[in-house]
There are 2 protein chains.
Amino acid sequence: MAPGRLPRASLPRDPAPAAEATRLHELLERLGAALRAEARAAGADLGLQPVHAEVLGYLGRCNRYSDGPLALAEYLGLTKGTVSQSIALLERRGLVARGDDPADGRKVHLRLTPAGKRALARLVPAGGLEAGADALGHAERAALLTALEGLLRALQRARGGRSFGVCGTCRHFLREPDGGRRCGLTREPLTERDATLLCREHEGLAPAAAGGP
Amino acid sequence: MAPGRLPRASLPRDPAPAAEATRLHELLERLGAALRAEARAAGADLGLQPVHAEVLGYLGRCNRYSDGPLALAEYLGLTKGTVSQSIALLERRGLVARGDDPADGRKVHLRLTPAGKRALARLVPAGGLEAGADALGHAERAALLTALEGLLRALQRARGGRSFGVCGTCRHFLREPDGGRRCGLTREPLTERDATLLCREHEGLAPAAAGGP
DNA sequence: CTCGCGTAGTATCGAGTCGATACTATATGA
DNA sequence: TCATATAGTATCGACTCGATACTACGCGAG
């Protein structure tokens, strides 16, 4: 971590890579805080916290392997105990319903109630960001999304977390000779809709180039 | 807010602008959550919450007009009452010290104690993000920073918040004939270091192109 | 078949965030 | 000088969050 001199001829046009990384960290943190403040304001009249909006949003977009408290805890980066309380609150409010697993008595499946879906719809937009996104061109916007996806993957990898992607970017996804879809991990066939939902077993396609020589 | 049809001939190569904006929102929220989880882990052994790291980081980088509870509340997007409690905690822990304003008896100036600076240093890095940033080229990284800065400005503008920038990007900043620096708002001269600190009175240079046709 | 172990989830406690409301004290200005 | 605005604090209640301890179920080895 010592600053030190650059071992290679220093290119004057790079404003200290470490400073750039710090600036990136700061910008993402500020953006995250601003989004959080928006979420707080949006949820205030419903009596919901930012984390509740995340729970509802996730439950609206996850598949049947990923709709339990544990998956939610992994997605949010919180402990299962903490998440259990937030779920209890959402259940008391009638926004989330719980169902048993027919095959495994330990498991719980969560789903949005109609009221939960309505609440989610009221929580989503907020705007603000769209104005900024509109100011960017097509190409810039696409590049931004790609770059952010890369950063998110890097962060998830560093923290040993799961990636929670959809089938299209998962290495377990199989295309059958008859055109059907199947998950190579559970061996189960997948409907078209299944393939658009977030999965906790998701693993990225490219293992990414190896690091050291 | 009704979806409606595009008034102009719709370009088929744009995958639904609204979906792109949603995806952007989601990515930034995920990134923010991941960073927050990192901050939580980093602060855990010091007994500090993510918001404490933000307070310490801000106090290490703000100028003398911006080191009070109210400025902090604006920066964090929280109420002054909430912030007052967090400050009280940091003061109890000996990480932050408070001083009176010689001119205005209502004001309080906050500063990091040596212990606070040490704590901040332990809170900063975490890594993870750097790996992702390294994977991008110079140009991509620069474009990413620029795009994120634009988004942040848009969000701050939409929320009516302050931008908290440095003198170099502030419309009040004056360069004097003798080479000195001065703030056009307070009329006070500024040292070289002053000009590198965050200011709550900061206002962006370009009012941004008007919206209409 | 039951013992042990691992997994999924819940219960409870304490520290802390956070907003709302109400309050004190100082500045400003008509 | 009296009203109003500004800066900050105090207190309350709902909630988050982690830690720890707990229940219940599944699964495999003996």
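These numbers come from a predicted model, not from an experiment. Naming: A, B, ... by sequence-line order, numbering from 1 per chain.
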Requested in this report: Please assess A/F164 against A/R61 for the test side chain to side chain contact (heavy atoms under 4.5 Å, CB included), listing each intermediate value before the final yes or no.
Outcome: CA-CA 10 Å; A/F164 283 94; A/R61 301 180 42 240; over 6 Å; no
Requested in this report: For A/H52, report the nucleic acid contact type (base, sugar-phosphate, nothing); a contact means any heavy atom under 4.0 Å.
Outcome: sugar-phosphate
**Report entry** Salt-bridge criterion met for B/R98 and B/E91 (N-O under 4.0 Å)
**Finding:** yes
Query raised in the report: When all nucleic acid strands are considered with a 4.0 Å heavy-atom cut-off, which category describes B/V51: base, sugar-phosphate, or nothing?
Result: sugar-phosphate
Query - Whole angstrom value for the distance that separates P of C/dT17 from CD of B/Q85 - result: 7 Å
Report task. Report yes if at least one side-chain N or O of A/R92 is closer than 4.0 Å to OP1 or OP2 of D/dA14; otherwise report no. Result -> no
Requested in this report: Quick one: label A/A103 by what it contacts on the DNA or RNA (base, sugar-phosphate, nothing), any heavy atom closer than 4.0 Å.
Outcome: sugar-phosphate
Requested in this report: Send over the distance from A/Q49 CD to C/dG19 P, rounded to a whole Å.
Outcome: 9 Å
Report task. Between A/R40 and A/L70, just flag the one whose closest nucleotide in DNA chain C comes earlier from the 5' side. Result -> A/L70
Query raised in the report: Within less than 4.0 Å of OP1 or OP2 of D/dC17, is there a side-chain N or O belonging to A/T79?
Result: no
Query raised in the report: Taking the nucleotide of DNA chain D with the closest heavy atom to each, which residue, B/R98 or A/S86, is nearer the 5' end?
Result: B/R98
Query raised in the report: Is any side-chain N or O of B/T82 closer than 4.0 Å to OP1 or OP2 of C/dG19?
Result: yes
Report task. Send over the distance from B/H109 NE2 to C/dT26 C1', rounded to a whole Å. Result -> 14 Å
Query - Which nucleotide in C/dG9, C/dC18, C/dT17 has an atom nearest any side-chain atom of B/L78 - result: C/dC18
Query raised in the report: Do B/D100 and B/H109 get their side chains close enough for a donor-acceptor pair, meaning under 3.5 Å?
Result: no
**Report entry** Value in whole Å for how far the P atom of D/dG8 lies from CD of B/E91
**Finding:** 13 Å
Query raised in the report: Does the side chain of B/R36 get closer than 4.0 angstrom to OP1 or OP2 of D/dC17 through an N or O atom?
Result: no
Query raised in the report: Between the base of C/dG9 and the side chain of A/S84, is there a donor-acceptor distance below 3.5 Å?
Result: no
Query - Lys/Arg N to Asp/Glu carboxylate O, B/R64 vs B/D194, below 4.0 Å - result: yes
Report summary line: Heavy-atom nearest nucleotide on DNA chain C taken for B/L89 and for A/R106; more 5' hit belongs to A/R106
Report task. Find the distance A/L90:CG to D/dT16:C1' and express it as a whole number of Å. Result -> 13 Å
Requested in this report: Whole angstrom is fine here: how far is it from NZ in B/K107 over to P in C/dT24?
Outcome: 23 Å
Query - Rounded distance in Å - NZ (A/K80) to P (C/dT7) - result: 10 Å
Report task. Taking only Lys NZ, Arg NE, NH1 and NH2, and the carboxylate oxygens of Asp or Glu, determine whether B/R122 and B/D45 approach each other closer than 4.0 Å. Result -> yes
Report task. Calculate the interatomic distance between A/D104 atom CG and C/dG6 atom P; express it in whole Å. Result -> 17 Å
